[in-house]
**Q** 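Please find one structure pasted underneath; my questions will follow.
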Amino acid sequence: MRHAPALLAAMAFLYLAPQYGIALFTPATGIYHDDALYLLTAKSLASGHGYTIESLPTAVPQTKYPILFPALLSLVWMSFPDFPANLPLFKLVPLLAAIGWFIASYRLLRLLSLPALPATAAIVLLAASPQVVFLSTAVLSETTFALLLTLCLIQAIRLPQAPSWQQLATVSMLAAAAYHTRSIGIGLIGGLALTLLAKRQWRQALIFSATTIALCLPWPLWQWWHRQHADPYLSSANYYSGYNVLSNFSFPEKLQIIGKNLLFLPFSVQPILDLPIGGLIGLLCLPFVLRSLLRGAIPSAIRFPLFASMGLIILWAWPPLRFLIPLLPLALGAFLLGVPPRWQTRATLCVIILAIFAAARTTHYTREAVST
């Protein structure tokens with residue numbers, strides 16, 4: 001049993017690496033609205049034209065998506081400007097982030113006192129998910145955000161009772177980087193501030209909040225400064241006038257959206273793993289997730305950011321699947337930590353079996369991608 005985690009990881013790598021390779025070299029992009037804009041704005045940055053959308057009849061500043069991910073893509077444009085031959089290199093950015101995310105997630109689960117074999121099984125299931133394979137090999141920012149989120153949580157857990165300003169600055173920089181990748185990172189920032197306040201670490205909370213706000217402020221200032229270019233779909237106005245439940249929709253519609261998002265949470269297992277009975281599996285796992293949260297198996301440094309991020313997802317009028325993927329390792333960890341010790345081996349075996357089925361669905365996905 002001592003070598004079981006390494007053996008499981010090696011077998012998963014041998015099976016999944018070719019699937020990720022096939023998806024990486026599939027010549028397709030622009031599948032989502034987001035990836036097309038990421039590439040366009042990255043090209044603008046690489047050309048020295050600023051953070052703008054140049055494909056419109058009149059170029060306008062980009063105010064909808066934060067700049068960090070397009071800035072990373074711009075390095076590819078500058079080094080290898082031949083499009084579409086450079087498309088696999090663009091896809092390599094989220095793929096490398098995904099690999100880092102898998103490694104960091106394993107480390108995070110181990111810090112939560114999860115044994116090596118269950119932690120490895122959870123990461124194998126994460127990597128085998130068809131949705132994760134897609135997001136890891138599409139020009140989208142989810143895996144980059146997930147990596148920064150996970151690294152930030154690792155540093156937050158490691159904070160001593162009286163952290164120094166250097167330690168707080170590290171957490172602040174990672175939290176701000178996550179925010180500059182996806183705006184939902186504001187939930188991470190608010191959750192970490194609440195963690196420090198709940199511990200009555202007033203001075204540390206002030207240092208963290210002030211540092212993080214200073215690092216994050218350029219993005220909302222940029223959005224405000226260019227608010228006159230408020231295209232209804234291609235600007236930040238799209239967020240505030242379309243999908244934000246708090247400032248939009250009638251009261252019955254608000255309740256309907258929130259209710260649907262809440263119901264989707266346990267049933268999200270089905271589209272994530274592409275399994276017909278995924279919804280039932282999610283419902284069966286939910287009591288163990290809640291048990292770990294209520295019994296304090298998840299520390300406040302993770303619990304508060306998790307709740308804050310989930311709250312933002314629930315208050316968003318859009319299918320929440322892509323937003324949930326970066327939180328998947330935390331959900332798997334919460335499930336395994338919520339299982340009573342006498343059932344731990346069975347739960348780990350169930351996770352491994354699910355990973356096998358998910359990997360089979362991933363193979364189906366990559367075959368379809370090649371054929372189309």
Side-chain angles (χ1 to χ4, degrees), residues 32-74 140-142 144-145 148-149 152 168-169 171-194 197 205-249 254 257 305 308-309 311-318 320 322-323 326:
Y32 273 80
H33 165 77
D34 305 31
D35 51 353
L37 280 184
Y38 284 143
L39 285 175
L40 288 170
T41 49
K43 188 175 188 297
S44 178
L45 288 170
S47 304
H49 299 156
Y51 196 41
T52 59
I53 306 172
E54 297 185 288
S55 60
L56 298 174
T58 300
V60 299
Q62 167 65 283
T63 61
K64 187 176 183 181
Y65 303 117
I67 193 172
L68 184 56
F69 185 66
L72 293 175
L73 298 177
S74 70
L140 295 169
S141 62
E142 271 74 13
T144 305
F145 171 75
L148 293 167
L149 168 76
C152 184
L168 289 170
V171 178
S172 293
M173 286 188 289
L174 288 169
Y179 171 75
H180 284 299
T181 305
R182 292 193 68 85
S183 298
I184 196 176
I186 195 171
L188 170 66
I189 295 168
L192 292 173
L194 285 174
L197 290 173
L206 179 61
I207 293 173
F208 168 78
S209 299
T211 305
T212 309
I213 289 172
L215 292 171
C216 292
L217 196 57
W219 176 239
L221 286 178
W222 169 270
Q223 291 176 307
W224 178 82
W225 184 259
H226 296 288
R227 65 192 183 281
Q228 68 271 21
H229 302 291
D231 180 274
Y233 191 62
L234 297 176
S235 72
S236 58
N238 179 251
Y239 287 152
Y240 308 126
S241 63
Y243 300 116
N244 188 337
V245 171
L246 292 179
S247 58
N248 298 283
F249 309 104
K254 293 178 192 289
I257 293 168
S309 299
L312 292 174
I313 292 171
I314 291 167
L315 293 173
W316 202 249
W318 188 263
R322 283 175 61 198
F323 306 119

**Q** Nearest 0.5 Å, please: how far is OG1 in T181 from CG in L72?
**A**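 Rounded to the nearest 0.5 Å, the CG-OG1 separation comes to 7.5 Å.
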
**Q** As a test of understanding, state which of L188, T144, L174, I184 forms a side-chain contact (heavy atoms from CB on, under 4.5 Å) with L149.
**A**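 For L149, the side-chain contact (heavy atoms from CB on, under 4.5 Å) check succeeds only for L188.
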
**Q** V245 versus W316: any side-chain heavy-atom pair under 4.5 Å?
**A**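 The answer is no, as the side chains (C-beta and beyond) never meet within the 4.5 Å cut-off.
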
**Q** Can a donor-acceptor pair be found, under 3.5 Å and without considering hydrogens, that links the side chain of Q62 to the backbone of I53?
**A**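 Side chain of Q62 to backbone of I53: no pair is present.
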
**Q** Testing the basics here: between V171 and F208, what is the closest heavy-atom pair and its distance to 0.1 Å?
**A**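 What the structure gives for the nearest pair is CG1-CE1, 3.8 Å.
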
**Q** At what distance, to the nearest 0.5 angstrom, does CZ of R182 lie from CZ of R322?
**A**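 Taking CZ in R182 and CZ in R322, the distance rounds to 5.5 Å.
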
**Q** Specify the closest pair of heavy atoms between N248 and N244, including all atoms of both residues, with the distance to one decimal.
**A**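 In this case the closest contact between N248 and N244 is ND2-O, 2.7 Å.
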
**Q** For A42 and S74, work out which heavy atoms get closest and say how close.
**A**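 Where A42 meets S74 most closely, the heavy atoms are O-CB, 3.3 Å.
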
**Q** Quick check against the 3.5 Å criterion: does H180 have a side-chain atom that pairs as donor or acceptor with the backbone of L215?
**A**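 The answer is yes, because a donor-acceptor pair under 3.5 Å joins these two groups.
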
**Q** Which class fits the ring pair F69 and Y38: parallel under 30°, tilted 30 to 60°, perpendicular over 60°?
**A**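 Perpendicular: the ring planes of F69 and Y38 meet at over 60°.
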
**Q** With side chains defined as the heavy atoms from C-beta onward, is the minimum distance between L192 and T212 less than 4.5 Å?
**A**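 Of all side-chain heavy-atom pairs linking T212 with L192, none is under 4.5 Å.
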
**Q** Which pairs with one or both residues in residues 42-51 pass side-chain hydrogen bond (donor to acceptor under 3.5 Å, both in side chains), sequence neighbours excluded?
**A**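 Every pair satisfying side-chain hydrogen bond (donor to acceptor under 3.5 Å, both in side chains) with a residue in residues 42-51: S44-T52, H49-E54.
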
**Q** For I67, look at atom CD1 and say whether over 12 heavy atoms of other residues, nucleotides or ligands are found less than 6.0 Å away.
**A**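 Yes.
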
**Q** Search all heavy atoms of S209 against all heavy atoms of A193 and return the closest pair with its distance.
**A**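 The answer is OG-CB, 3.9 Å.
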
**Q** Out of curiosity, I189 CD1 to S309 OG, how far, rounded to the nearest 0.5 Å?
**A**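 I189 CD1 to S309 OG: 10.0 Å, rounded to 0.5 Å.
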
**Q** Compare every heavy atom of T63 with every heavy atom of H226, then report the nearest pair and how far apart it is.
**A**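 Scanning both residues, the minimum pair turns out to be CB-CG2, 3.9 Å.
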
**Q** What is the distance from atom SG of C216 to atom CD1 of I186, rounded to the nearest 0.5 Å?
**A**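 It is 8.0 Å, given to the nearest 0.5 Å.
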
**Q** About how many Å separate CD1 of I213 and OG of S172, when rounded to the nearest 0.5 Å?
**A**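 Between atom OG of S172 and atom CD1 of I213 there are 10.0 Å.
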
**Q** What is the distance from atom CD1 of I314 to atom CZ of F323, rounded to the nearest 0.5 Å?
**A**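 Atom-to-atom, I314:CD1 and F323:CZ are 13.0 Å apart.
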
